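What follows is one structure encoded as structure tokens, with my remarks underneath.
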Amino acid sequence: MPTGLPQVQQTAIYVYQAPLRVWHWVNALAITVLAVTGYLIANPLPSVPGEASDSYLMGYIRFAHFVAAYVFAIGFVFRLYWAAVGNRYARQLFALPFWRASFWRELVHELRWYAFLETEPKKYVGHNPLAHLFMVVIITVGGLVMIATGFALYSEQTGLGSWQDQAFGWVIPLVGQSQDVRMWHHWGMWIIVVFVMLHVYAAIREDIMSRQSLISTMLSGWRMFKDDRP
Amino acid sequence: MPTPDTFYEVIRRQGISRRSFLKFCSLTASALGLGPAFAGQIAEAMETKPRIPVLWLHGLECTCCSESFIRSSHPLVSDVILSMVSLDYNDLIMAAAGHQAEAILEEIRREHKGRYLLAVEGNPPLGQDGMSCIIAGRPFLEQLRETAADCQAVVAWGSCASWGCVQAARPNPTQATPIDQVIRDKPVIKVPGCPPIAEVMTGVLTYMLTFERIPPLDRQGRPSMFYGQRIHDKCYRRPHFDAGQFVESWDDEGARRGYCLYKMGCKGPTTYNACSTVRWNNGVSFPIQSGHGCIGCSEKDFWDKDGFYQHVTDTHVFGIEANADRTGLAVAGGVGAAITAHAAASAVKRSQQKNKQGDDQP
């Protein structure tokens with residue numbers, strides 16, 4: 001019975017709860033500020049003319065970095081809390097189904113989909129396995145590494161005995177010395193920059209080409225499926 | 001032969017006035033970051049306590065620590081600091097030589113068992129059974145282990161003894177090893193620097209004599225009164241850093257104006273030492289004040305951190321030397337290109353599929 005109306009029924013599932021969505025965008029902003037200011041701390045802008053007392057450029061850049069770092073770190077702690085009280089999809093970031101064979105099978109399928117070897121991807125309510133793996137490695141593990149190395153460097157100015165020193169000061173001798181911590185923290189920035197590029201591209205591509213919604217899901221929370229096939 | 005004279009008796013015998021002695025005590029108190037009230041306590045300790053016997057061993061090193069030590073800025077040092085502790089064995093300055101000198105080691109070990117301090121300049125090479133450093137016909141490693149067995153504590157002078165320094169730099173052919181990795185059953189106080197500042201060295205010894213305990217140490221075993229802050233934290237050029245005023249090249253206007261040397265690879269922000277407060281040569285200057293960046297000589301493995309003249313230094317992983325910025329930018333560019341190519345391929349694929357679907361549903 002041709003009616004001219006779309007015949008595919010779109011099912012929708014509420015996946016990302018509001019606090020999680022707010023966290024995602026706040027985190028995205030914090031990471032952007034951290035990457036830009038972090039790069040400028042390692043490679044400062046050309047010298048400012050005039051008296052030193054007239055400018056505070058490096059000071060403001062570093063201040064922005066530290067504020068964004070606190071937002072990122074507190075957000076991380078909040079995200080852990082939300083994993084405990086939120087819905088099941090809130091837990092994916094901290095739980096990789098490492099021992100589940102189907103996870104790895106589906107991961108290969110997803111890789112083949114990206115290599116144009118599969119005609120269509122599978123449907124997932126939460127993350128697809130490839131995204132899931134990347135999120136855990138970069139955001140959870142990478143985020144923890146950046147928080148630990150970052151606060152260790154921050155403890156150098158808050159001084160011996162400060163809470164930053166007591167909580168994270170051990171990182172410096174573990175890695176070697178202060179310069180090593182700086183360099184690993186800096187490498188971490190580049191890894192996150194590359195991740196963000198891949199993340200944004202994959203989100204747009206999946207939104208268009210996969211069988212489910214992506215970008216709008218992180219705005220509204222609802223996952224829409226474009227077809228009813230399994 | 002060493003006598004258990006007090007420090008005060010020794011300096012009075014050497015003709016130093018009580019006034020000069022008290023000046024030294026208050027200077028030392030402030031150098032240690034203690035209040036003026038402690039000057040009296042230091043004076044009393046020096047008047048009443050027997051001098052601590054110190055054995056000063058030299059392993060793989062360049063003797064810059066000893067040279068720094070005997071140039072301690074306070075005018076009394078040559079007469080006093082050296083007699084404050086009874087330096088019974090120090091092959092740079094002792095009169096004895098040969099078997100006579102080696103006999104002192106035995107004697108101190110026997111007569112002051114568990115009381116003497118062991119100061120070590122340099123480090124032992126562990127490779128080739130320690131044959132790369134021979135003292136009195138035997139590997140230094142043996143001498144170090146024997147004298148450390150009966151000492152009270154070990155003072156690791158300089159970056160050699162603390163971290164390994166140049167002889168332990170990659171590939172470390174003689175397997176030069178810092179003291180705390182060889183002597184594990186005694187407290188080891190690290191006084192790094194290449195060399196350490198003379199006032200820091202005398203300050204550490206004075207503290208131990210006065211309070212009869214090891215100074216408060218940081219996580220890595222360095223006295224926190226001297227190594228608790230970075231050069232950067234107390235640098236007089238810090239306002240230029242905060243303002244964003246940097247030397248961009250050695251002969252530019254910024255260099256003449258004394259701007260921050262951060263972009264020239266100054267390691268002040270990563271180096272824990274007292275140079276920017278105590279300074280060198282009687283407080284005359286220190287590297288940054290002379291217009292050159294800090295090279296981080298008191299930091300662990302500073303020889304292997306690459307580029308004294310770059311801030312973003314190379315990272316060595318699996319034998320690959322890479323600069324984070326250069327590599328990061330290249331990888332980001334590569335990934336960007338890959339994304340573009342993949343997106344184009346995806347678009348082609350999708351239009352093909354659409355056409356096919358169009359064919360299927362006429």
Side-chain angles (χ1 to χ4, degrees), chain A residues 39-62 114-116 119-120 153 156-157 159-161 165-166 169-170 172-173 176-191 193-198 200-202 204-205 208-209, chain B residues 163 218-220 224 228-230 232-233 237 239-248 252-254 259-260 262-263 267 269-272 296 299-302 304-306 311-315 317 322-325 327-329 331-332 334-336 338-340 342-343 345-347 349-350 353:
Chain A
Y39 183 83
L40 290 176
I41 290 168
N43 304 280
L45 293 165
S47 284
V48 176
E51 287 296 319
S53 52
D54 292 342
S55 322
Y56 197 60
L57 183 62
M58 197 68 175
Y60 289 131
I61 290 173
R62 293 171 69 243
Y114 272 95
F116 307 108
T119 47
E120 71 174 11
L153 292 173
E156 298 197 300
Q157 53 193 331
L160 288 176
D165 172 59
Q166 282 167 352
W170 54 271
I172 296 174
Q177 53 137 297
S178 178
Q179 182 72 10
D180 297 300
V181 183
R182 271 175 173 65
M183 288 310 108
W184 288 118
H185 195 67
H186 202 61
W187 278 108
M189 183 269 287
W190 281 112
I191 288 171
V193 164
V194 168
F195 166 78
V196 167
M197 292 169 70
L198 291 170
V200 172
Y201 169 63
I204 295 171
R205 184 181 188 270
I208 298 168
M209 296 186 58
Chain B
W163 311 123
D218 70 0
R219 205 176 268 108
Q220 303 183 64
S224 50
Q229 282 186 308
R230 299 167 297 168
H232 189 59
D233 294 319
R237 295 193 183 197
H240 291 299
F241 171 84
D242 289 332
Q245 297 180 321
F246 302 97
V247 176
E248 311 272 353
D252 69 358
E253 189 56 26
Y259 284 176
C260 174
Y262 185 80
K263 284 190 180 176
K267 298 295 180 292
T270 60
T271 303
Y272 289 80
E299 283 299 309
K300 188 179 178 185
D301 301 334
F302 76 101
D304 290 331
K305 296 306 165 209
D306 281 311
H311 177 69
V312 180
T313 53
D314 290 352
T315 312
V317 191
N323 175 295
D325 279 337
T327 314
L329 210 58
V331 170
V335 169
I339 285 174
T340 313
H342 197 268
S346 301
K349 188 91 178 170
R350 187 171 161 78
Q353 258 171 4

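Please read these numbers as outputs of a predicted model, since none were measured by experiment. Chain letters run A, B, ... following the sequence lines, proteins first, then strands; residues in each count from 1.
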Sidechain-backbone polar pair: A:Gln179 side chain, B:Pro269 backbone, donor-acceptor under 3.5 Å | no

Flag, side chain of A:Trp190 to backbone of B:Thr327, donor-acceptor distance under 3.5 Å | no

Identify each donor-acceptor pair in which a side-chain atom of residues 43-53 of chain A lies under 3.5 Å from a protein atom, sequence neighbours left out, and give them as a table.
residue : atom : partner  : partner atom : Å
A:Asn43 : ND2  : A:Tyr39  : O            : 3.4
A:Asn43 : ND2  : B:Asp325 : OD2          : 2.7
A:Ser47 : OG   : B:Phe246 : N            : 2.6
A:Ser47 : OG   : B:Phe246 : O            : 2.7
A:Ser47 : OG   : B:Glu248 : OE2          : 3.1

From [X] atom [atom1] to [Y] atom [atom2], the distance as rounded to the nearest 0.5 Å:
{"X": "B:Ile339", "Y": "A:Met197", "atom1": "CD1", "atom2": "CE", "value": "4.5 Å"}
{"X": "B:Arg350", "Y": "A:Arg205", "atom1": "CZ", "atom2": "CZ", "value": "10.0 Å"}
{"X": "B:Tyr272", "Y": "A:Gln177", "atom1": "OH", "atom2": "CD", "value": "10.0 Å"}

So which of [options] has the biggest tally of heavy-atom pairs under 4.5 Å with chain A?
{"options": "B:Glu253, B:Arg230, B:Lys349", "value": "B:Arg230"}
{"options": "B:Gly336, B:Gly334, B:Ala345", "value": "B:Ala345"}
{"options": "B:Gly254, B:Ala343, B:Cys260", "value": "B:Ala343"}
{"options": "B:Pro239, B:Ser346, B:Ala332, B:Gly228", "value": "B:Ser346"}
{"options": "B:Thr271, B:Leu329, B:Val331", "value": "B:Leu329"}

Heavy-atom nearest pair, B:Ala324 first then A:His186, reads CB-CD2, 3.6 Å

Could you tell me which portion of [X] (side chain, backbone, both or neither) has an atom closer than 4.5 angstrom to a non-hydrogen atom of chain B?
{"X": "A:Asp180", "value": "side chain"}
{"X": "A:Glu120", "value": "neither"}
{"X": "A:Ile204", "value": "neither"}
{"X": "A:Ile41", "value": "both"}
{"X": "A:Leu153", "value": "neither"}

Chain B interface, residue from [options] that has the most non-hydrogen pairs under 4.5 Å:
{"options": "A:Gly59, A:Gly176, A:Gly169", "answer": "A:Gly169"}
{"options": "A:Ile172, A:Val193, A:Asp165", "answer": "A:Asp165"}
{"options": "A:Ile191, A:Asp54, A:Leu160", "answer": "A:Leu160"}

At a heavy-atom separation under 4.5 Å, does [X] approach chain A through its side chain, its backbone, both, or neither?
{"X": "B:His232", "result": "neither"}
{"X": "B:Lys263", "result": "side chain"}
{"X": "B:Gln220", "result": "side chain"}

Answer yes or no: is there a side-chain heavy-atom contact under 4.5 Å between [X] and [Y]?
{"X": "B:His240", "Y": "A:Met58", "value": "no"}
{"X": "B:Asp233", "Y": "A:Glu156", "value": "no"}
{"X": "B:His342", "Y": "A:Tyr114", "value": "yes"}

For A:Tyr60, does the OH atom sit with more than 12 other heavy atoms under 6.0 Å from it, leaving out its own atoms?
-> no

List for me each residue that meets ring-ring contact (aromatic ring centres under 6.0 Å, His included) alongside A:His185, sequence neighbours excluded, and say none if there are none.
-> none

Can you list the steps and then say if A:Leu57 with B:Gln245 is a side chain to side chain contact (heavy atoms under 4.5 Å, CB included)?
-> CA-CA 9 Å; A:Leu57 183 62; B:Gln245 297 180 321; over 6 Å; no

